[in-house]
2 protein chains.
Amino acid sequence: MSGNTPNDQRRTLTLRDVSEASGVSEMTVSRVLRNRGDVSDATRERVLEAAKRLGYVPNKIAGALASQRVNLVAVIIPSLSNLVFPEVLSGISEELEESGLQPVFGVTNYSAEREEMVLYEMLSWRPSGVIIAGLEHTPAARAMLENAGIPIVEIMDVDGPVVDSVVGISHKRAGLEMARTIVRAGYRKIAFLGTKMPDDHRARKRLEGFEAGLAEAGIELVDREFYSGGSALLKGREMTEAVLSRNPEVDFLYYSNDMIGAGGLLYCLDHGIDVPGRLGLAGFNGVDLLDGLPRRLATMDACRREIGRRAAAIIAGHSESGVIGGERVELTPVLQPGDTIRQA
Amino acid sequence: MSGNTPNDQRRTLTLRDVSEASGVSEMTVSRVLRNRGDVSDATRERVLEAAKRLGYVPNKIAGALASQRVNLVAVIIPSLSNLVFPEVLSGISEELEESGLQPVFGVTNYSAEREEMVLYEMLSWRPSGVIIAGLEHTPAARAMLENAGIPIVEIMDVDGPVVDSVVGISHKRAGLEMARTIVRAGYRKIAFLGTKMPDDHRARKRLEGFEAGLAEAGIELVDREFYSGGSALLKGREMTEAVLSRNPEVDFLYYSNDMIGAGGLLYCLDHGIDVPGRLGLAGFNGVDLLDGLPRRLATMDACRREIGRRAAAIIAGHSESGVIGGERVELTPVLQPGDTIRQA
DNA sequence: CTGAAAGCGCTAACAA
DNA sequence: TTGTTAGCGCTTTCAG
């Protein structure tokens, strides 16, 4: 019916096809399609017309092999369901938009082993750079990063040794400052609620910093409660109930993230608990979800989008200049006191 | 210091390096590294040892070019911040895990133009398949999909013409059934609240179906309210307030997604509005976030994870069998009445 | 079980 | 401004 010969169907088009269709050498076709070098307008026209008519899509695999250049940036994060990482990704995408680089995402599910596998897989595509969440990697992963010969940016965290560049915040400090703020506000019986964190190193560091901050005032945590999986909002409720029933004297709950904090807040409101008078609450991340709650949960902005942007900018910069050199960007998270910490 | 010659630093390793280090031909090294063909255990050992010692990472670009096989699946979605898509992606990742295929994500921001660009970019890497959200594409994008010669799975929606395979739900029907349920429950003064939807075709179709369902009972929407951007929870509150102040007689609010619905629910609870007696509420998606709210919002599960799984399974199946043929999977979303629709 | 030759589709480098 | 030649690093195919 449609003048297709059988073979038109299954073979994908090559430069050669465009070359033949336009009567121009493959090399010139290549130049036109990449906007490289000088090509006469007439030739350019003919080539573009032919390419479009045929529906030619260049083969980047061949291009990358020949040019030894790949416009991909590997981005490796622990999770997509965390709400935090999509924002980082948005920051990265935005920043990379103009640079001709394309982010490619890999997810580790907070597993160091999976991280190693994903990293291996991605490096085998020879990307122009790697953005990877966290500073904790398996020895093999670290070796791969060190030997990749491309810019590596570790993000989210700055507390520890770094492979190359780093963009993030100090979670220890974030915990520390939250503790000081809480103590200053007069709370004394403080409990922590968070994820089970064998591999969530940032939450762990926040807790460490938090305990250090309490220790400055001679205070120890009254209780801790951990969860994993499930609806964070619901878990926040359940954990809050558990802690309060175990320790009626508790006067502050520090949550490792805003979602469980929001669950706790809703629980308190439901049960007529005076917040922040009788009980103070604080979370972490500064997710804009909180804006719609009946009361604003105290939190600390993790600078997620900014982290993504800055990391991407480092990769884009290096891919232009060709230089590889470790940069260090430590952002300062801002405490958002909200309505759940009483005034000192 | 560390016996590295200068050049060791900047060149990435090739098969040849492993070949020389192990005293085995490149071909045999290749066989070992891919677990292909028969290789003696002794040789295998030597090769693996050498590869590991050198820290060799195969070059998939060259491999893909030579073998004409790429283990990548292009996944194209409108947004990451929508909360809905990360779940689809999880489903895809899970299903692809065992298949040796790797998902690669691209984001369009609900723009058909961007979709076209992203698609072009991804096709130029010659993936083994494409999973793409929605049925609405630019003519050029549609042409690319049709000519790609690989399995294409359009997801989320089944209301319209399809390129190849499709996995999704009928949003028209979802809206229709929600309308019928609401009418059956006795509500009559009904308003719609949703995203501005020039390009959110699924929300548009739900609204169309919803209006059709109301029309069956001779009912017309009392009011509509649209938003874009910002914290969905907060927007839900604001829009709810706006609609209720414009139309005090309204007795039901249908939200185009659960987040704004949750905002509306919180608003009503704050203001002592009798839900579902005086005012009924319903959203769409069935996000598990809702589990933690003071009351469960009526909603309809969009089968997000399942859609991801099924779509991935189609690609994986075809990549094994080599056959390309359109499959059609229509999932049935289940109404979750929650606590915000009164019993008929 | 192992190796040699050819080439995947494109681009760098040079020539015309 | 355009064309020619020689690979990029790997895998396919075929021969030993």
Side-chain angles (χ1 to χ4, degrees), chain A residues 10-48 50-51 54-72 100 121 123-128 149 322, chain B residues 10-48 50-51 54-72 100 121 123-128 148-149:
Chain A
R10 296 260 51 83
R11 227 183 87 270
T12 57
L13 271 24
T14 69
L15 263 193
R16 170 178 223 103
D17 296 302
V18 182
S19 164
E20 286 172 358
S22 63
V24 174
S25 78
E26 287 187 39
M27 197 53 232
T28 301
V29 172
S30 170
R31 288 196 182 96
V32 170
L33 264 23
R34 285 178 299 145
N35 285 314
R36 277 268 160 58
D38 297 313
V39 181
S40 73
D41 284 354
T43 314
R44 157 168 285 111
E45 288 292 298
R46 287 170 57 197
V47 169
L48 289 176
L54 297 177
Y56 172 70
V57 178
N59 185 329
K60 286 221 183 193
I61 296 173
L65 183 61
S67 68
Q68 305 281 52
R69 242 189 295 283
V70 179
N71 69 336
L72 261 26
E121 198 71 16
L123 284 182
S124 73
W125 287 100
R126 301 288 188 266
S128 296
Chain B
R10 296 262 49 83
R11 228 183 87 272
T12 56
L13 271 25
T14 70
L15 262 191
R16 171 178 219 103
D17 295 302
V18 182
S19 163
E20 286 171 358
S22 62
V24 174
S25 78
E26 287 186 41
M27 198 51 238
T28 300
V29 173
S30 170
R31 287 199 182 93
V32 171
L33 263 23
R34 286 178 299 145
N35 284 314
R36 275 274 159 54
D38 297 312
V39 181
S40 73
D41 284 353
T43 317
R44 156 168 283 108
E45 288 292 302
R46 288 170 57 199
V47 169
L48 288 177
L54 298 178
Y56 172 69
V57 177
N59 185 330
K60 287 223 181 189
I61 297 175
L65 183 61
S67 67
Q68 306 281 53
R69 245 189 294 281
V70 179
N71 69 337
L72 262 24
E121 198 73 16
L123 284 182
S124 72
W125 286 100
R126 300 288 187 267
S128 296

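Throughout, a chain's letter reflects where its sequence line sits, starting with A, and its residues are numbered from 1. Not measured: the values here are computed from a predicted model.
Atom-to-atom, CD of B/E45 to P of C/dC1 comes out at 15 Å; the value is rounded to the nearest Å.
Take B/E121 and apply the salt bridge (charged side-chain N to carboxylate O under 4.0 Å, His left out) test, not counting sequence neighbours, and it matches A/K60. Under the side-chain contact (heavy atoms from CB on, under 4.5 Å) criterion, B/R46 pairs with B/V24, not counting sequence neighbours.
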Spell out protein contact along nucleotides 8-16 of chain D as letters: B when the base is contacted, S when just the sugar-phosphate is, - when no protein heavy atom is under 4.0 Å; keep the 5' to 3' order. BBBBBB---

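At least one side-chain heavy atom of B/V70 sits less than 4.5 Å from a side-chain heavy atom of A/W125. Looking at heavy atoms from C-beta onward, A/V18 lies in side-chain contact with A/L54 at the 4.5 angstrom threshold.
Bending across the helix from C/dC1-D/dG16 to C/dA16-D/dT1, expressed as the angle between its end axes from five pairs apiece, amounts to 30° (10° rounding).
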Would you give me the side-chain donor-acceptor pairs under 3.5 Å for residues 29-36 of chain B, sequence neighbours excluded?
{"unit_1": "B/S30", "atom_1": "OG", "unit_2": "B/R34", "atom_2": "NE", "d": "3.1"}
{"unit_1": "B/S30", "atom_1": "OG", "unit_2": "B/R34", "atom_2": "NH2", "d": "3.0"}
{"unit_1": "B/R34", "atom_1": "NE", "unit_2": "B/S30", "atom_2": "O", "d": "3.3"}

Would you tabulate the side-chain donor-acceptor contacts of residues 62-69 of chain B under 3.5 Å, counting partners in other chains and residues two or more places apart, or write 'none'?
{"unit_1": "B/S67", "atom_1": "OG", "unit_2": "B/G63", "atom_2": "O", "d": "2.8"}
{"unit_1": "B/S67", "atom_1": "OG", "unit_2": "B/R69", "atom_2": "N", "d": "3.3"}

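Residue A/E26 is tested with A/L15, A/D17, A/T14 for a side-chain contact (heavy atoms from CB on, under 4.5 Å); the sole match is A/L15.
Listed pair A/T28 / D/dG3 meets the phosphate criterion, a side-chain N or O lying under 4.0 Å from OP1 or OP2. Put simply, A/S40 has a side-chain N or O that comes within less than 4.0 Å of OP1 or OP2 on D/dT2. Proximity of A/T43 to the phosphate of D/dT1: no side-chain N or O atom is located under 4.0 Å from OP1 or OP2.
Enclosure of atom CD in B/E20 by more than 12 non-hydrogen atoms of other residues, nucleotides or ligands within 6.0 angstrom is indicated.
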